[in-house]
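Data first, discussion second: the structure below is written as structure tokens.
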Number of protein chains: 2
Amino acid sequence: MSRSTGRRLGRAGIRDVAAAAGVSITTVSDALNGKGRLPDATRSHVREVAERLGYRPSAAARTLRTGKSGLLGLTVTTYGDEPFTFTEFAYFAEMARAATSAALARGYALVILPATSRHDVWSNVALDGTVVIDPADGDPVVTELVRHGIPVVSDGRPGGALPVTGWVDNDHEAAVLGLLDHLADAGARRIGLLTGNTTDTYTRLSTTAYLSWCERVGQDPVYESYPAHDPCAGAVAADRLLARPDRPDAVYGLFDPNGTDLLAAARRYGLRVPEDLLLVCCSESTVYATTEPPITTLSLKPRRIGTAVVQILIDAIEGLDDDRPIEQVIPTDLIVRTSSQRRSARTAINPPRGPAGA
Amino acid sequence: MSRSTGRRLGRAGIRDVAAAAGVSITTVSDALNGKGRLPDATRSHVREVAERLGYRPSAAARTLRTGKSGLLGLTVTTYGDEPFTFTEFAYFAEMARAATSAALARGYALVILPATSRHDVWSNVALDGTVVIDPADGDPVVTELVRHGIPVVSDGRPGGALPVTGWVDNDHEAAVLGLLDHLADAGARRIGLLTGNTTDTYTRLSTTAYLSWCERVGQDPVYESYPAHDPCAGAVAADRLLARPDRPDAVYGLFDPNGTDLLAAARRYGLRVPEDLLLVCCSESTVYATTEPPITTLSLKPRRIGTAVVQILIDAIEGLDDDRPIEQVIPTDLIVRTSSQRRSARTAINPPRGPAGA
DNA sequence: TCACCATGCAGAAACGTACCTTTTAAGAAG
DNA sequence: CTTCTTAAAAGGTACGTTTCTGCATGGTGA
């Protein structure tokens with residue numbers, strides 16, 4: 001009845017465009033989507049009419065029809081008790097940014113979703129695939145998604161035989177070993193570790209790599225751990241580490257804020273960096289380039305990871321699986337600054353030197 | 001034909017649940033959505049069957065039918081030439097995090113979208129509403145959305161008579177004036193400003209507030225500006241500012257990294273903070289609590305802003321407009337630390353809390 | 001006994017699009 | 001003139017829900 005003439009109060013639909021252009025619905029659809037075989041005259045005419053009516057195709061209808069929504073989930077698992085720690089550290093922010101850019105470049109958009117969510121939120125959005133950051137072993141959400149045929153690519157090697165479509169990760173063991181060697185080369189005799197008591201893959205692999213390195217070189221492990229989600233706990237743990245009787249002469253901090261925390265702690269104990277204490281910290285933040293002294297950092301290259309994860313995911317969605325390897329290891333980057341460079345790597349470890357004049 | 005028996009290869013639909021449960025589609029829908037009038041026996045039976053079949057309602061179909069997708073856009077305008085500077089600073093990360101949490105708590109999810117995007121990405125996702133961070137005057141995307149009846153709430157007072165549904169912002173002028181007064185109280189005679197040459201509202205308002213303050217107290221303005229999207233330019237500009245013949249004895253940096261940049265520049269010129277130079281910086285980062293010395297920061301309270309923006313938006317979507325004011329001003333928070341406290345101002349405010357002896 | 005009503009459920013019409021199939025028109029080849 | 005080929009466009013169905021309307025049934029008050 002009121003079909004061909006006036007829309008009630010909603011947006012203009014494809015029918016209205018067809019009526020206004022004097023063609024059929026099929027023609028409009030084909031003209032707008034560049035399909036079918038239509039003369040350019042018809043095509044441009046339809047386009048013009050659609051533009052004039054302010055026609056915008058219904059994403060829901062298109063998704064229903066085609067089965068593709070153009071949406072990718074971005075899932076962040078929670079650390080500790082925090083309800084939702086998205087972008088808790090610079091790493092996540094950078095990674096999410098790169099993933100968003102990469103997705104957009106291929107016509108997809110990212111939907112931010114928490115790993116531990118009520119079922120309904122996940123059901124209410126049609127996802128073509130999902131990126132999972134650091135999934136827990138046997139994550140029920142991931143299992144469910146894969147069971148329903150939705151591709152899942154994880155940032156971080158999945159544990160517990162999680163059936164993901166692919167993953168991207170750093171070689172954390174190699175990174176830690178290389179970093180510890182670097183500190184030892186700079187003259188460190190006893191290297192300490194500031195780590196988290198969380199069970200995520202990154203923390204676990206890094207810590208075990210540290211322990212195995214210690215065993216290899218015959219050093220007693222010296223480490224303090226703390227709940228990574230508590231910002232204050234890091235400073236306290238840093239203090240604890242430097243207060244130990246077996247105080248280390250070099251420290252590696254696994255988390256982003258550890259660098260400034262350790263620097264502050266060193267100051268409180270009157271330890272000079274790098275003369276009395278070598279410092280390295282895993283961080284993506286640029287502040288460590290301008291601290292006093294600048295601190296050596298290990299970058300996990302979140303941008304490359306975010307990009308790679310999305311590429312693999314979209315390839316899987318579009319059936320181009322053979323393009324790229326399903327598993328990718330991104331090299332880390334040790335940015336060496338003053339805090340890990342002892343002036344004389346070979347001479348006495350603690351030469352009494354006054355501060356260089358201005 | 002092959003309708004009631006076997007789904008071809010896709011997911012189980014509501015029809016399959018109805019058939020398996022021996023009821024009608026209507027009954028399944030009502031049972032699962034808690035509508036209609038059904039005895040609890042039927043309801044639980046249907047739920048059980050649906051669970052057994054692994055039934056997940058199609059979000060696309062539901063959206064098409066109801067007109068509500070449960071998705072909110074989160075739009076970030078670009079700074080300078082950068083293609084997409086999401087979470088360039090800690091502010092965005094925190095704000096996005098809070099917005100995501102708030103949305104999730106009310107059953108919505110956020111879709112990250114760039115302000116300057118190809119049309120098709122915006123068309124491909126059904127949005128119930130959109131959050132826009134710091135929209136440009138007369139932003140075409142915003143105009144288009146509003147014209148299509150989609151609620152838009154902005155973070156930042158919209159300029160150019162942009163027809164948004166609502167907005168949330170700080171009182172930037174008041175914040176800057178209060179901060180400058182604080183520096184003057186601490187003994188500053190000539191306060192400099194490190195600012196950006198971008199045209200966004202925050203930069204503009206803050207800069208003009210600085211200029212009017214200078215005029216009021218009769219001080220010549222001393223400022224340097226730089227392209228805020230270039231990380232290196234900030235350090236250079238900080239250096240420039242302290243190299244001027246009319247060197248300020250206090251500086252306010254508008255952007256997050258300015259604090260460390262200014263601190264590094266001060267060190268290069270042999271200026272002690274706060275003795276020779278008072279420092280304040282607008283930042284959400286926690287690193288400034290542990291720098292040497294700790295730096296006073298102005299927090300814009302991104303979490304409160306993110307939460308408020310989402311609440312207003314969802315209220316508008318659900319027609320609860322009368323609940324909250326459509327425009328909200330969030331107070332800023334000046335976190336006073338050593339860098340802006342001159343000794344003579346009062347006695348020692350911060351007794352050095354060294355760790356109690358080992 | 002007869003309305004009458006509440007309860008429990010089923011039928012079927014949308015929602016707006018994409019695409020498969022069919023029709024029409026118009027030349028070209030026989 | 002017929003038949004074949006091809007371009008151009010129309011018809012109609014399906015995607016999977018929600019929801020309006022309506023049909024039974026059985027108990028209740030008059």
Side-chain angles (χ1 to χ4, degrees), chain A residues 1-4 7-46 49-50 53-70 120 123-126 128 148, chain B residues 1-4 7-19 21-46 50 53-70 120 123-126 128 148:
Chain A
M1 309 306 175
S2 72
R3 193 47 105 45
S4 53
R7 307 299 305 130
R8 283 167 276 292
L9 47 79
R11 300 282 337 121
I14 197 174
R15 268 191 301 267
D16 307 281
V17 177
V23 296
S24 76
I25 292 178
T26 303
T27 303
V28 174
S29 178
D30 284 348
L32 261 38
N33 295 336
K35 303 198 169 178
R37 37 185 197 201
L38 302 174
D40 289 346
T42 307
R43 225 175 267 280
S44 60
H45 174 228
V46 168
V49 171
L53 295 188
Y55 167 71
R56 300 263 306 248
S58 154
R62 173 175 295 173
T63 299
L64 179 59
R65 183 62 234 256
T66 63
K68 302 260 156 254
S69 66
D120 60 340
S123 299
N124 267 333
V125 40
D128 287 347
H148 283 359
Chain B
M1 309 320 161
S2 72
R3 193 49 103 45
S4 52
R7 309 297 306 129
R8 283 169 275 293
L9 47 80
R11 297 286 335 121
I14 197 174
R15 268 192 302 267
D16 307 281
V17 177
V23 296
S24 76
I25 292 179
T26 304
T27 303
V28 174
S29 178
D30 284 347
L32 263 37
N33 296 336
K35 303 200 168 178
R37 27 179 208 208
L38 302 175
D40 288 345
T42 307
R43 227 176 265 280
S44 58
H45 175 228
V46 168
L53 295 188
Y55 168 70
R56 300 264 306 246
S58 153
R62 172 175 296 172
T63 299
L64 178 58
R65 182 62 231 255
T66 63
K68 302 259 157 254
S69 67
D120 59 340
S123 300
N124 267 334
V125 38
D128 287 348
H148 284 344

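The basis for the numbers below is simple: all heavy atoms, side chains too, and nothing from hydrogens, waters or symmetry mates. Here the structure is a predicted model, which means the values were calculated and not measured. Letters A, B, ... are given to chains in the order of the sequence lines, protein chains preceding strands, and every chain is numbered from 1.
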Given [options], which nucleotide is nearest the side-chain atoms of [X]?
| X | options | value |
| --- | --- | --- |
| R65(A) | dG12(D), dA8(D), dA14(D) | dA14(D) |
| I14(B) | dA12(C), dA10(D), dT17(D) | dT17(D) |
| L64(B) | dT17(D), dG16(D), dA12(C) | dG16(D) |
| R37(B) | dT17(C), dT7(C), dT19(D) | dT7(C) |

Is there a side-chain polar atom (N or O) of [X] under 4.0 Å from OP1 or OP2 of [N]?
| X | N | answer |
| --- | --- | --- |
| T42(B) | dC9(C) | yes |
| S24(B) | dA10(C) | yes |
| T27(A) | dA10(D) | yes |

Report summary line: Note: S69(A) and A126(A) closest approach over all heavy atoms is OG-O, 2.6 Å
Report task. Considering non-hydrogen atoms only, spot the tightest contact between V28(A) and V23(A) and give its length. Result ->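 Of all heavy-atom pairs spanning V28(A) and V23(A), the closest is CG2-CG2, 3.7 Å.
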To the nearest Å, give me how far apart [atom1] ([X]) and [atom2] ([N]) are.
| X | N | atom1 | atom2 | answer |
| --- | --- | --- | --- | --- |
| L38(A) | dT6(D) | CG | P | 18 Å |
| Y55(A) | dG16(C) | OH | P | 10 Å |
| H45(B) | dG8(C) | NE2 | P | 17 Å |
| R15(B) | dA10(C) | CZ | C1' | 15 Å |
| R62(B) | dG16(C) | CZ | C1' | 18 Å |
| R56(B) | dT17(D) | CZ | C1' | 15 Å |

Query - Contact list for DNA chain C against residues 28-36 of chain B - heavy-atom distance below 4.0 Å - result: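 Nothing qualifies; none.
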Requested in this report: Would you classify I25(A) as touching base, sugar-phosphate or nothing, given that sugar-phosphate means primed atoms plus P, OP1 and OP2, and contacts are heavy atoms under 4.0 Å?
Outcome: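 It contacts nothing in the nucleic acid.
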Requested in this report: For T26(A), report the nucleic acid contact type (base, sugar-phosphate, nothing); a contact means any heavy atom under 4.0 Å.
Outcome: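 Contact class for T26(A): base.
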Nearest 0.5 angstrom please: [X] [atom1] to [Y] [atom2], how far?
| X | Y | atom1 | atom2 | answer |
| --- | --- | --- | --- | --- |
| R56(B) | N124(A) | CZ | CG | 10.0 Å |
| D30(B) | R37(B) | CG | CZ | 10.0 Å |
| L64(A) | S58(B) | CG | OG | 5.5 Å |

Report task. Check for a donor-acceptor pair, side chain of S29(B) on one end and backbone N or O of I25(B) on the other, with a separation under 3.5 Å. Result ->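 Not at all, since once roles are kept as given, no pair shorter than 3.5 Å links the two residues.
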Query raised in the report: Is the backbone N or O of R62(A) less than 3.5 Å from a side-chain atom of T66(A), with the two atoms forming a donor-acceptor pair by type?
Result: yes
